[in-house]
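Structure first, then comments.
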There are 2 protein chains.
Amino acid sequence: MVRVTITQVAAHAGVSVASASRALNGQIASAETVAKVQHAAATLGYVADATAQSLKRGRTKQLAYAVADIGNPVYVEMMSAIERVVSASGYRLVLSSTGTSSSSVDVVRDLGRGYVDGMILSPLRVTDELLTALAKTPTPVVVLGRLPDDVNLDTVRADSLTAMRLVVGHLVAEDRRDIAFVNGPVDTTPGAFRRDGFAAAVLAHPLLTTRSVDAEDFTISAGYAAARQVLEGDRRPDAIVAANDLIGIGAIRAAEDLGLRVPHEIVVTGIDNTELAGVVRPGLTSVDLGAEERGRVAAELLLARIAEPSRAAHTVTVAPSLVVRGSSVHRPNTQGHASPADRSTEATGLGEERAAG
Amino acid sequence: MVRVTITQVAAHAGVSVASASRALNGQIASAETVAKVQHAAATLGYVADATAQSLKRGRTKQLAYAVADIGNPVYVEMMSAIERVVSASGYRLVLSSTGTSSSSVDVVRDLGRGYVDGMILSPLRVTDELLTALAKTPTPVVVLGRLPDDVNLDTVRADSLTAMRLVVGHLVAEDRRDIAFVNGPVDTTPGAFRRDGFAAAVLAHPLLTTRSVDAEDFTISAGYAAARQVLEGDRRPDAIVAANDLIGIGAIRAAEDLGLRVPHEIVVTGIDNTELAGVVRPGLTSVDLGAEERGRVAAELLLARIAEPSRAAHTVTVAPSLVVRGSSVHRPNTQGHASPADRSTEATGLGEERAAG
DNA sequence: ATGAAAGCGCTAACAA
DNA sequence: TTGTTAGCGCTTTCAT
């Protein structure tokens, strides 16, 4: 199998390359030419070279998704949603990990090479350097996560404040009065906003006693360590609000290891409503931040901007919803569960309730 | 920000485009030229256009990973590994979902468009049509999964037979004698090979009673339904071998709902050793099929083939290892667990043992 | 409706 | 070492 070019197709069909191109792309051409060219193309097994088309047309039909930690279920969920929208629109999706080797800034700078028509970026930290790079790049970028107010970019974000209000409100309704917040690193975007959201949510409930501790990472093990420290202190809280599901699961484990029953002696909640939350026992009450929707909307915004580069920047905030599971409800059948359906089904099943944000 | 080309850099530096190109690419050029060109490039903010380079050089520096169900933790793990190798070698990774819209065959055919230099393909089903397309494509493809023996392609595969031997051997050692195998759909590659592997593994233990049932899918809910049916039958097995972790978790739930204690009354094992296996309680004993290693090796094979297209096809089989957790061991502290570290740490912790394949 | 020719931005012969 | 020139494969004016 050797590469066959449009020149060969044209020769085989007995027409010029221009006519061949037109016939292939549905431009004006006589029915006879179209027939001859299509026949030639089929015979020769011609497929247009993507690179040459990109160079000529000035667009690659590729979009990038850049994220630090692919492997985190939340980002995977977003990626799936993005991939669906992107491929349905005839684009390919390239994955740009902004891990150890290259930072978000490098990735954005690299956009100048024009290997994609646009990018969805999920930065772990928003630095001035990043904002500068974003301002300079000629390629459209949609940012997942909160940006300073004066930045004029398409943005999709979760609503940490409402998320925390849902959690805290739920805990108060469950008669919890002493809440420990186990956050992840506060120098990350989610860490900072969840901290602020928790603080704000608590203000609405003057009778609450609260405290905060930062886990070293948004992981089960870091959550375990941080929660254990909290639970071993002399004044034990009656609820732990974890900054994400992994930390929350770590907290459940810590409670178990200390012989504390969840939720009877200690209530635990998470954030993200990942698949894990529905799989652990007791199920982890969690706030769904709408990862799927955020991914989908981000992709749609990007496509819209590519279609109309001069349109105004949009900021979309996706409403969170609370999914109540056994880790936070004092019902007789708290340890029980519904059918082991997937998450969406589960949310309507026994032992789980969803409250809109 | 408008696109700046090498022509402008050359003009700014007062040299020809050829000299500019050479200076930029580390070809022979005088120190003075290099300095001038680099200065001009920096001043103008020049970055080479990826598409033009691709067209000229005949390679895109892009590799594709094609998989049906991104979102499945196993494929995500492979993808992470692939991404690491690929980006370390200066390639970008494009994600080709072979979901509903486009089949594996379409994806392989599309390779003719030359938008990537190679592809790692994880086909759900290996059809003749797919094999034909693979034989015809000029672009290197590494296949994840088993292929017919006469197919001469780079392949990385798991060892289902050994995996099943490990599981069955373990169950026999735990005094299980009546084993139900809950498989996924047998018209998929994993389904077929796990079925065969189980059958072969069982042959080594003549005293075993076994039976099989196929879940409708490799999911928790399908596993739940299938396991429930098995467990409600008049002759209850004392062990369930699930074809993957999700089915295994469904089986644990089914046992719970029927009031059966795991592992005391019914032992359950999974396959894949996903993160979920370490998170559920009791922990799910599972065979690690080396997803990370398979992904890494596949990427390495692909890069090697690109570097040397004429080299002989390689087939690498990755050895499985059994990770024993609470769902299958009758120890006093079976329900307990070690520290909630990540999987690799866990495997060496209390309550878990890893046996090589 | 068709063909000749230009050119997207770059690299690589080839000459000088 | 450097510049000139010819393309990579395609689309798109511009004449005809």
Side-chain angles (χ1 to χ4, degrees), chain A residues 1-38 40-41 44-62 90 110-117 138-139, chain B residues 1-38 40-41 44-62 90 110-117 138-139:
Chain A
M1 282 294 282
V2 75
R3 168 146 287 296
V4 26
T5 73
I6 198 173
T7 309
Q8 301 170 42
V9 173
H12 188 103
V15 299
S16 70
V17 286
S19 289
S21 173
R22 281 187 291 250
L24 258 7
N25 291 298
Q27 314 277 48
I28 52 176
S30 70
E32 190 196 344
T33 302
V34 171
K36 283 190 297 186
V37 171
Q38 283 183 343
L44 269 37
Y46 170 79
V47 270
D49 184 82
T51 307
Q53 285 186 321
S54 295
L55 180 60
K56 184 65 198 176
R57 291 178 169 157
R59 51 204 172 77
T60 60
K61 279 286 177 176
Q62 293 191 155
D110 219 35
L111 280 178
R113 302 207 48 193
Y115 65 96
V116 287
D117 299 337
T139 308
Chain B
M1 281 295 283
V2 75
R3 167 146 287 295
V4 24
T5 73
I6 199 174
T7 310
Q8 300 170 42
V9 173
H12 188 101
V15 299
S16 70
V17 285
S19 290
S21 175
R22 282 187 290 251
L24 258 7
N25 291 298
Q27 316 275 48
I28 53 174
S30 70
E32 191 196 343
T33 302
V34 172
K36 282 192 297 187
V37 170
Q38 284 183 341
L44 270 37
Y46 169 79
V47 270
D49 183 83
T51 306
Q53 285 186 323
S54 295
L55 180 60
K56 183 65 198 177
R57 291 179 170 155
R59 50 205 173 76
T60 60
K61 280 287 178 174
Q62 293 191 155
D110 219 34
L111 279 179
R113 303 207 47 195
Y115 65 95
V116 286
D117 299 337
T139 308

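Order of the sequence lines fixes the chain letters, A, B, ..., with proteins taken first and strands second; residue numbering starts at 1 for each chain. Keep in mind it's a predicted model, so treat the numbers as computed, not measured.
- Atom-to-atom distance recorded for A:Ile6:CD1 and A:Tyr46:OH is 4.0 Å, nearest 0.5 angstrom.
- Per the geometry, CG belonging to B:Leu44 stands 14 Å off P belonging to C:dG9, to the nearest Å.
- Residue A:Tyr115 holds its OH atom at 8.5 Å from CD of B:Gln62, rounded to the nearest 0.5 Å.
- Between the B:Asp49 side chain and the B:Thr51 main chain, a donor and an acceptor come within less than 3.5 Å of each other.
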Give me the distances for all protein-to-nucleotides 1-5 of chain C N/O pairs that come in under 3.5 Å?
residue	atom	partner	partner atom	Å
C:dT2	OP1	A:Ser30	OG	2.7
C:dT2	OP1	A:Thr33	OG1	2.5
C:dT2	OP2	A:Ser30	N	2.7
C:dT2	OP2	A:Ser30	OG	3.3
C:dT2	OP2	A:Thr33	OG1	3.0
C:dG3	OP2	A:Ser16	N	3.0
C:dG3	OP2	A:Ser16	OG	3.1
C:dG3	OP2	A:Ser19	OG	2.7
C:dG3	N7	A:Arg22	NH2	2.7
C:dG3	O6	A:Arg22	NH1	3.0

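- Looking at heavy atoms from C-beta onward, B:Thr5 lies in side-chain contact with B:Gln8 at the 4.5 angstrom threshold.
- Donor-acceptor pairing under 3.5 Å is recorded for the side chains of A:Gln53 and B:Arg113.
- Atoms CG (A:Leu24) and C1' (D:dT12) sit 15 Å apart, rounded to a whole Å.
- Across every non-hydrogen atom of A:Thr139 and A:Val116, the tightest pair is CG2-O, 3.8 Å.
- Note that the OG1 atom of B:Thr33 and the CD atom of B:Gln38 stand 11.0 Å from one another [nearest 0.5 Å].
- Taking atom CD1 of residue A:Ile6 and atom P of nucleotide C:dG7, one finds them 19 Å apart after rounding to whole Å.
- Listed nucleotides C:dC10, C:dT11, D:dT12 differ in distance to B:Tyr46; the shortest reach to its side chain belongs to C:dC10.
- Near DNA chain C, meaning a heavy atom under 4.0 Å from it, residues 50-61 of chain A has A:Leu55, A:Lys56 in order of number.
- Regarding contacts with the backbone of C:dA12, a side-chain N or O of B:Gln27 is found under 4.0 angstrom from either OP1 or OP2.
- Between the side chain of B:Arg3 and the backbone N or O of A:Gly112, at least one donor-acceptor pair lies under 3.5 Å.
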